[in-house]
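Let me begin by presenting the structure, written as structure tokens, before commenting on it.
Every chain is numbered from 1, with letters handed out A, B, ... down the list of sequences.
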Amino acid sequence: MKGILSGLGITIGHFVGKKVTRFYPYEKREMPPRTRGLIKLVRNEETGNFNCEACLFCEKICPPQCITIRYQQATDYRPRPFLAPNGVWGNFKRPVRSLLSNEGRPEKYAEQEPLSTDEAAQVEGILSEARGREDLFGTLQKIQAAIGYLPRATIEQLAESTSVPLSDVYSAATSQGEFRLAPAASDIVLCQCPACYLGGMTAVATAIRRELGQAARDILREEIVCASGECLDTCSLAPVLKVDGQTYAGVTPQQARQIVREKVLGRGDRQ
Amino acid sequence: MSPNPKEKERHESLPPSQSANTSRASSPRSPLGDKKLIMQRWGENDPASIDDYLARDGYSALRFAVKEMKPFEVIEEVAKVRLRGRGGAGFPVAEKWEIAAAVAKAPKVIIANAYGADPSAAGDRALLERNPHQLIEGLAIAAYAVGAERGYIYCRSNLAQALGRLQQALQQAKERGLVGEGVFGTHGFTISIVPAPVAFVNGEETALLAVIEGTRPMPRQRPPYPAEIGLWGLPTVINNAETLANLPPLIRDRGKEFGAVGSEKTKGTKLLTLQGRLASNGLVEVPFGMTLRRVIDSVAGGTRQGATLKAVQVGGPIGGCLPVDLLDTPLDYETLAEVGATVGSGSLLALDRETCMVDFARFRLTYLQNEACGRCIPGRLGTNRINGILEAIVSGLGKKGDLELLEELAAGVRESSLCGLCALATQPLLTTLKYFRDDYVAHVEEKRCPTGKCTPVRTEAFRRNKVL
């Protein structure tokens, strides 16, 4: 009874209240401040550039995926301070590139060298077989296996040909440690299973980091990827490390330093 | 980690310790003898031939289930013997199936998780290499029980041999009409293989869905559970490959042999990977309810010569470290959870006196922090801070109050992480803090390592520059 009366109270209140009918085309409703009726790119009045920063969030969040954004880079990357925090000893998975001095880096990232005709043909073949989302990771793996990294142009081509948004392809390509976005000059993989740990991997890893840290400034324009990888499957020969596809077993810290000096840093001596 | 033609050669010329397809004199002896369930026909069979599998009663369980049993009877059969998921959490399989079978939406999807996120656990990989048909048959039985039409086998892309065997086996099963159109009378069942990239988080069940859907693999919020809304919004059952491999022997004799082994709460067996300082390392099948001490003494043959056991880590990277006086804990989901370990991936790592437990916790946390997907803050920053403090302690830079801070951080990460991986990532830390506190105290207060084995991983200059 009480419920019915209180409900009727609201109805009766509307009988005597203000009228709410609006004559739409003549009277327009006042919109809430954050309404975005029609999306349009707005220019900054002072500089004349678009305010959009191509963060691709709208493309990512759009439920029916009706937004597609194409963009190009307007400025260079910002210089990064030497010995930037986070990139040095803390996170080993990150490439050693943050140790390198800043010269010569921006243009390498902005414009990667075009692929050779042979490589381009291989990529073409892989892209023609790509089916889209369902084998996105498989396609990226094939490209990586064929040419050793995922060039930006190829990622854009892949997004174009499979109509998967570029931001999604990019987020898949950056989610896995095995994908490289730039060619690696050298590839050091340290086994990470407990057997190698018990065999003394910590000392080996520390030695390698020291060796790279001392010499990394001498290698410009080259990247060394040093990652703690999967188990390399040779547990009775621990500790194991793999440098450019070659496996070294039972390594001592001194040997590791020497391997890095000869195989990895030996390449950086070119003038 | 691209598939490399040399990989296979190298694999075959390997010494026996880890490699999955070896059974030499030094491999551990299973306490079950001839009564093994999962590994029943391994070793004597030819994994590359379907005729061989058929000659050994293969696919008879599937035929029996489809011809003689209704789907709900299969679920009842599994509920009767209380089969629990072997993926780590031990959720009852029948309950999961019932939820999915009750959802009216179609088609339904079933996924076999043969990923084996722990790189050093050999169970899933050995199953694919040594008896792939067993997995296909188990998957088909499960699909019949829940009424699924699409099946996926989710495995690692870097294991060339396992992947090759699986593809070959699936091709053979298709040719014989065991999977495909109309195999269950009213509807068909198709299987596809998903080779996934390699990362620890990719084995988590919702991250697994993201990989198949072709998006960035990150776990997502549950509920809704995948059994209701899963792959592309369809009801999806995700079972571990080892769970499914239990089904053919279970249905074949209607659970008699299966119900006879195991503990009170968990029936059946578990594939354990024995590693570390044991007399024999490798894959072995042991019944649930066996104490860890018996596993080490009678199955593995004790510790390696000259090594004294200090701790055992059960359950892979996210498992807890148990001291010697807790070795009488039986191998079971509840009993291990009580003392802070998990069944997890089924790896059992023995550590000897030479191992510093602080450094070991640091080693595990470094791995888990690198592999954290970064979606939730506790997982991304919490594990990073824990790792940073542990690095400092190992390098002799520990401060008073560090241990309390570690406990506080670990409790926070455990409570508030999005998925089990980062919540359980604190287990190696919490168990070593609890059972081996003396090691930590010696590092922090006396600046010395009791084993003398710790290698400094940081310098004083670094600590001044970076506050962790």
Side-chain heavy atoms of B:Pro217 within contact of A:Gln176, under 4.5 Å: yes

Check: A:Ala172 main-chain N/O paired with B:Arg216 side-chain donor or acceptor under 3.5 Å: no

Distance, nearest 0.5 Å, that separates CG of B:Asn158 from CD of A:Gln141: 8.5 Å

Among the listed options B:Asp118, B:Val194, B:Asn202, B:Val201, the residue most often paired with chain A at heavy-atom distances under 4.5 Å: B:Asn202

Residue A:Tyr170 excluded, over 12 heavy atoms near OH under 6.0 Å: no

Segment of B:Val211 engaging chain A (4.5 angstrom heavy-atom cut-off): both

Interatomic spacing from CD in A:Glu134 to CH2 in B:Trp232 - rounded to 0.5 Å: 6.5 Å

Pairwise side-chain contact, A:Leu136 with B:Glu213, heavy-atom cut-off 4.5 Å (strictly under): no

B:Arg364 side chain near A:Pro194 side chain, heavy-atom distance below 4.5 Å: yes

Segment of B:Leu349 engaging chain A (4.5 angstrom heavy-atom cut-off): side chain

Closest approach of A:Leu198 to B:Arg277 (non-hydrogen atoms, all atoms of both residues): O-NH2, 3.4 Å

Residue part contacting chain A, namely of B:Asp352, when any heavy atom lies under 4.5 Å: neither

Student check: side-chain heavy atoms of A:Phe137 and B:Ser157 closer than 4.5 Å: no

Which portion of B:Thr215 sits near chain A, non-hydrogen atoms under 4.5 angstrom: both

Backbone N/O of B:Phe363 and side chain of A:Tyr197: donor-acceptor pair under 3.5 Å: no

Residue among A:Val169, A:Leu140, A:Asp135, A:Thr174 with most heavy-atom pairs under 4.5 Å to chain B: A:Thr174

